[in-house]
Amino acid sequence: MNIAISCTIVHEPNHMPFVLSKWKGSGMYPDSESAVLDTPSPRHPTECPVEDWLSFLGHRWNALILWHLSTGAKRFSEIMALLPGITPKVMTDRLELLVERELVSRSSQNTFPRVTAYQLTESGNAIVSILDQIERWTKRDK
């Protein structure tokens with residue numbers, strides 16, 4: 001899966017730069033010298049991969065699920081316990097979308113009772129690294 005992120009954000013000189021750039025879904029994103037960024041041009045938000053990913057990641061629960069999975073594989077019930085207020089249906093929907101976008105993988109063991117676990121993929125780990133940068137950015141000195 002290719003993840004195309006095509007924007008660069010830089011803030012005040014004494015703070016950590018925050019860079020979103022294009023990369024292949026290899027689990028690693030390159031430094032700004034090797035990234036190929038789009039030149040700003042008129043485009044509708046539906047044609048912008050950054051808008052698409054920010055909208056997806058900003059959807060309620062998605063970032064929190066990724067954050068909790070960053071500490072290791074978890075079963076459905078374990079994730080539910082970490083997210084007070086989420087319903088089983090919403091949790092199922094969110095996990096299916098995260099699996100569809102190849103940020104999370106789902107594995108089942110043929111045991112009784114059946115054990116299903118969710119864990120981050122390489123692309124999921126890369127996105128969590130970006131989310132960590134956003135968290136650091138929100139906590140910067142103002």
Side-chain angles (χ1 to χ4, degrees), residues 1-12 15-142:
M1 175 176 118
N2 292 337
I3 301 172
I5 306 268
S6 59
C7 122
T8 301
I9 302 168
V10 180
H11 52 83
E12 297 86 15
H15 298 285
M16 179 189 331
F18 171 61
V19 178
L20 295 175
S21 57
K22 281 188 178 177
W23 77 93
K24 301 285 185 193
S26 66
M28 300 173 65
Y29 57 95
D31 59 350
S32 58
E33 279 84 326
S34 62
V36 178
L37 300 177
D38 291 342
T39 303
S41 61
R43 83 170 51 167
H44 193 273
T46 58
E47 298 170 353
C48 179
V50 174
E51 288 287 339
D52 176 54
W53 277 96
L54 290 176
S55 176
F56 176 75
L57 293 171
H59 202 282
R60 191 170 189 184
W61 304 112
N62 285 349
L64 286 171
I65 292 169
L66 292 171
W67 182 56
H68 284 300
L69 290 176
S70 70
T71 61
K74 293 186 177 30
R75 295 187 330 259
F76 186 93
S77 60
E78 293 174 308
I79 303 168
M80 285 285 299
L82 295 168
L83 300 170
I86 193 169
T87 65
K89 181 189 180 326
V90 171
M91 174 73 140
T92 299
D93 291 344
R94 295 298 175 268
L95 286 168
E96 285 175 358
L97 290 171
L98 291 165
V99 168
E100 183 180 302
R101 291 247 183 166
E102 298 182 16
L103 299 176
V104 171
S105 65
R106 178 181 187 266
S107 60
S108 296
Q109 296 177 4
N110 289 329
T111 59
F112 185 81
R114 180 176 223 141
V115 176
T116 301
Y118 297 87
Q119 66 183 18
L120 292 179
T121 62
E122 287 184 50
S123 293
N125 280 310
I127 289 289
V128 168
S129 295
I130 292 170
L131 295 174
D132 288 345
Q133 289 181 39
I134 292 171
E135 181 182 6
R136 283 186 203 99
W137 181 79
T138 66
K139 294 178 178 179
R140 72 194 188 287
D141 295 334
K142 294 183 180 187

**Request:** Could you name each residue pair satisfying salt bridge (Lys or Arg N to Asp or Glu O under 4.0 Å) that touches residues 123-132, not counting sequence neighbours?
**Result:** none
**Message:** Taking side chain to side chain donor-acceptor pair (under 3.5 Å) as the definition, give me every residue that meets it alongside Glu135, ordered by chain and number, with sequence neighbours left out.
**Reply:** Lys139
**Request:** Compare every heavy atom of Thr121 with every heavy atom of Ser105, then report the nearest pair and how far apart it is.
**Result:** N-CG2, 3.8 Å
**Asked** To the nearest 0.5 Å, how far apart are OG in Ser123 and CG in Leu98?
**Response** 12.0 Å
**Prompt:** Which residues pass the ring pair (Phe, Tyr, Trp, His ring centres under 6.0 Å) test with Phe76, sequence neighbours left out?
**Reply:** none
**Item:** Rounded distance (nearest 0.5 Å) linking atom CD1 of Ile127 with atom CZ of Phe56
**Value:** 9.0 Å
**Item:** All side chain to side chain contact (heavy atoms under 4.5 Å, CB included) counterparts of Asp52, not counting sequence neighbours
**Value:** Arg101
**Prompt:** Got a second to check how far Leu66's CG is from Leu57's CG, nearest 0.5 Å?
**Reply:** 6.5 Å
**Request:** Identify the residue among Asn110, Thr111, Thr116 that makes a side chain to side chain donor-acceptor pair (under 3.5 Å) with Arg114.
**Result:** Asn110
**Message:** Can you give me the closest heavy-atom contact between Val128 and Ser70, atom names plus distance?
**Reply:** CG1-CB, 3.8 Å
**Asked** Quick one: CD1 on Ile65 to CD1 on Ile79, what's the gap to the nearest 0.5 Å?
**Response** 6.5 Å
**Request:** Any side chain to side chain donor-acceptor pair (under 3.5 Å) involving residues 72-81? Give me the pairs, sequence neighbours left out, ordered by first then second residue.
**Result:** Thr71-Lys74
**Point-to-point distance, once rounded to the nearest 0.5 Å, from CG of Asn125 to CG of Leu120** = 5.0 Å
**Message:** Please find the pair of heavy atoms, one from Tyr118 and one from Leu69, that lie closest to each other, and give the distance.
**Reply:** O-CD2, 3.4 Å
**Item:** Residue pairs involving residues 58-68 (criterion side chain to side chain donor-acceptor pair (under 3.5 Å); sequence neighbours excluded)
**Value:** His59-Arg94
